[in-house]
Amino acid sequence: MNSQNQKEKDTVPYTPPKVEMRVPGQRGPNRMMEKEKPIEGKKTLMRLIRYFQEEKNMVCLLLGVVVVLVICSVYAPKFQSNAIDRIAVGEFSMLPRILGAMLILYGIQGVCTLLQGLVSARLSQRIVKKMREDLFEKIVNLPVRYLDNHPHGDIMSRMTNDVENISNTVAQSIGSLVSGVLTVIGTVAMMVYLCWKLAILSCVTVIFTVLATKYLSAKMRSFFRSRQLLLGQLNGTVEEMVTGYKTVVAYTHQDQVIEEFEKTSDELTRVGIIAEIFGGSMGPVMNVINNIGFVIIAAFGGYFAIHGQISVGIISAFIVYAKQFGRPINEIAQLYGQIQTAVAGAERVFAVMDEEVEDKSGTHKMEDTKGVISFRHVDFSYIPGKQVLYDFDLDVYAGHKVALVGATGSGKTTVVNLLMRFYDIDSGEILIDGTNIKDIDCGVLRQNTAIVLQDTVLFSDTVRNNLKYGRADATDEEMERAAKMSNCHSMIQHMEEGYDTVLTQAGQNLSQGQRQLLAIGRAFVADPKILILDEATSSVDTRTEKRIQDAMVNLMKDRTSVIIAHRLSTIQDADYIVVMDQGRIVETGNHEELLAQKGRYYELYMTQFAGNAT
């Protein structure tokens, strides 16, 4: 779609950006960052929790391990208290048994801690795997309009950075959150059992903890969300610069690119520092509050012991319980920054998941289709109020070769977008063999239509698989015949591994002309009823172009062909030429008829004949 965006950039929509990144060489609306409306944090957390429902067995195992761990951690200080009291009164007979029980409890606690980490890691990876698959499935089913309007780097950031943040946070915090809650409950219960007065005094610190957490979390949320948004913008900037690197260098815009990058990077650094300051302050603040709790226990515990209300062992146990009570709160506080990052990332991930998928409705299977195409009074606009096509009427007969010509932005590529159902029309109808394309199964429509774009898209795979991408069930004989028809068979044979040669970096090791030949060969393999060529020969030399034109004569037999071309020399033999201007058809006819009219086509032809660009 990038080539289409480039050629009709004045008609393709974009959303007003929050931050505009002007990177020389980037094309179309993908330069813009749309302002996001994040989901509320609580709703996002609840939605994350739903992913745990599919891993009930793993969750139950984790809960079991955590329960055993909490029981050991809660009862161990009680045994320690008994041991101290025995020593204080000089009773040593039961001491070995008490110490042995403590050793067993701490041993079980260590094993359970290890199991908790292992089970948490496995659970987090399985949950994030499901989330990653859901996100990728959503992305590949999004409408073309969405991908045209959103920076590709930002979408990739959601798949990589945001999902990875969720994975790390779940792995590190899920066990701590569960065990922390149970530990607090068990510890408080044991403290009340030993001395309810001292327990109440110890829990006073909880009030300070809640107030501090509420205040700091309110400050942190917006900064962590902004940091994730800026990180996506930064990735988009890098992706755009790498994509358009040759253009950046050719126009010596390195300094401007660096300036734009540093601008976003500086803002990311500023927001990141503030977010980390608030996130990092949670732990120290909690430590100060816990230390206040130790002072309360020491002062009042000593008072109660002097008056014979508790023993020295209970004071010792309370100190351990107070630390044990504060530990999970501290851990949660220290993880809060990561949790906020994960929630901000989850908001961005769910924002994509909540987008409407492409409308692929339709039941007609195009059986025995002839390829007759009809546009009936079609109006279309990318943005409401900015119309691109006006009352577009066109009939393309089966097996005919129709060419669309006109200045950039006249609406040629838009016609192809509508025919492929990349976009839906505003009014009118598009028919194939008399059937509205909205009633045709979208997958079937595209299987019967092959398209070759100006900007070639190949994949990091073998030449064989790239050619068969158009039709996976094609035989090797059909593939080689198509390669010969597209004049790329001899080129492939000269490769190191022939058809099994792996294209590195999506074919970047090939020339533009070679990649174009492979793309045309892929269209030949697809064996379509309808063939669309969008400046398909613009990147090949004149000699190769002539060979392709000769091969296309055979290819286009019994096929309906729609050709978009600026080089009028490539479409002189077209059965029908449609001249477009500002979304309207201004002239129609064959090459000779249009030249005889001496209208818009004649002007275009004479301008090219004179050697000037149109």
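Just so you know, these numbers come straight off a predicted model, no measurement behind them.
Atom CZ in Arg348 sits 10.5 Å away from atom CG in Leu135 (nearest 0.5 Å). If you take CD1 on Ile98 and CG on Asn82, they are separated by 5.5 Å, rounding to the nearest 0.5 Å. Note that NZ of Lys78 is 6.0 Å distant from CG of Leu194, once rounded to the nearest 0.5 Å. The CZ atom of Phe261 lies 9.0 Å from the CG atom of Leu268; values are rounded to the nearest 0.5 Å.
Of all the heavy atoms in Val68 and Cys112, the pair that sits closest is CG1-SG, 3.5 Å. The two atoms that bring Phe304 and Cys195 nearest to each other are CD1-SG, 4.4 Å, heavy atoms only. Closest heavy-atom contact between Leu48 and Ala346: CD1-CB, 4.0 Å. Across all non-hydrogen atoms, the minimal contact from Arg421 to Asp359 is NH2-O, 3.0 Å. When all heavy atoms are compared, the tightest approach of Met190 to Val74 is CE-CG1, 3.9 Å. Taking both residues in full, the closest heavy atoms of Cys72 and Ile108 are given as SG-CG2, 3.5 Å, listed atom of the first, atom of the second, then distance.
Proximity of Leu69 to Leu115: side-chain heavy atoms (C-beta onward) are nowhere separated by under 4.5 Å. Residues Tyr469 and Leu458 are not in side-chain contact: their nearest non-hydrogen atoms beyond the backbone lie 4.5 Å or more apart. Between Gln256 and Val248 the shortest side-chain heavy-atom distance does not fall below 4.5 Å. Residues Met156 and Met159 fail the side-chain proximity criterion, which asks for heavy atoms closer than 4.5 Å. Residues Arg47 and Thr44 form no side-chain contact, since every pair of their non-hydrogen atoms from C-beta on lies 4.5 Å or further apart. At least one side-chain heavy atom of Ile155 sits less than 4.5 Å from a side-chain heavy atom of Tyr146.
More than 12 heavy-atom neighbours from other residues, nucleotides or ligands sit within 6.0 angstrom of CD on Gln254. Counting non-hydrogen atoms of other residues, nucleotides and ligands closer than 6.0 Å to CZ of Phe136 gives a total of 12 or fewer. In this structure, Arg122 places its CZ atom where only 12 or fewer heavy-atom neighbours from other residues, nucleotides or ligands lie under 6.0 Å away. A 6.0 Å sphere centred on CD of Glu133 holds more than 12 heavy atoms belonging to other residues, nucleotides or ligands. Within a 6.0 Å sphere centred on CG of Asn57, heavy atoms belonging to other residues, nucleotides or ligands number 12 at most. For Phe52, the CZ atom sits in a packed shell: over 12 heavy atoms of surrounding residues, nucleotides or ligands are nearer than 6.0 Å. Within a 6.0 Å sphere centred on OH of Tyr193, other residues, nucleotides and ligands contribute 12 heavy atoms or fewer.
Sorted by first then second residue, the salt bridge (Lys or Arg N to Asp or Glu O under 4.0 Å) pairs that include residues 276-296, not counting sequence neighbours, are Arg227-Glu276.
Tested against Asn141, the residues Lys360, Glu355, Glu358 include a single side-chain hydrogen bond (donor to acceptor under 3.5 Å, both in side chains) partner, Lys360. The side-chain hydrogen bond (donor to acceptor under 3.5 Å, both in side chains) test with Asp134 is passed by exactly one of Lys130, Lys138, Arg132: Lys130.
The main-chain N or O of Val70 is found under 3.5 Å from a side-chain atom of Ser73 such that the two form a donor-acceptor pair. When atom types are taken as modelled, the side chain of Ser120 and the backbone of Gly117 share no donor-acceptor pair closer than 3.5 angstrom. Side-chain atoms of Ser281 come within 3.5 Å of backbone N or O of Phe278 as a donor-acceptor pair. Of the possible donor and acceptor atoms, one in the side chain of Asn466 sits under 3.5 Å from a partner among the backbone N and O of Phe459. At distances below 3.5 Å, not a single donor-acceptor pair connects side-chain atoms of Asp162 with backbone N or O atoms of Val349. In this structure, Ser81 contributes its side chain and Pro77 its backbone to no donor-acceptor pair below 3.5 Å.
Glu260 has no carboxylate O lying under 4.0 Å from a charged side-chain N of Lys263, or vice versa, which leaves the two without a salt bridge.
Under the rule for a ring-ring contact (aromatic ring centres under 6.0 Å, His included), the partners of Phe380 that lie at least two apart in sequence or sit in another chain are Tyr382, Tyr423.
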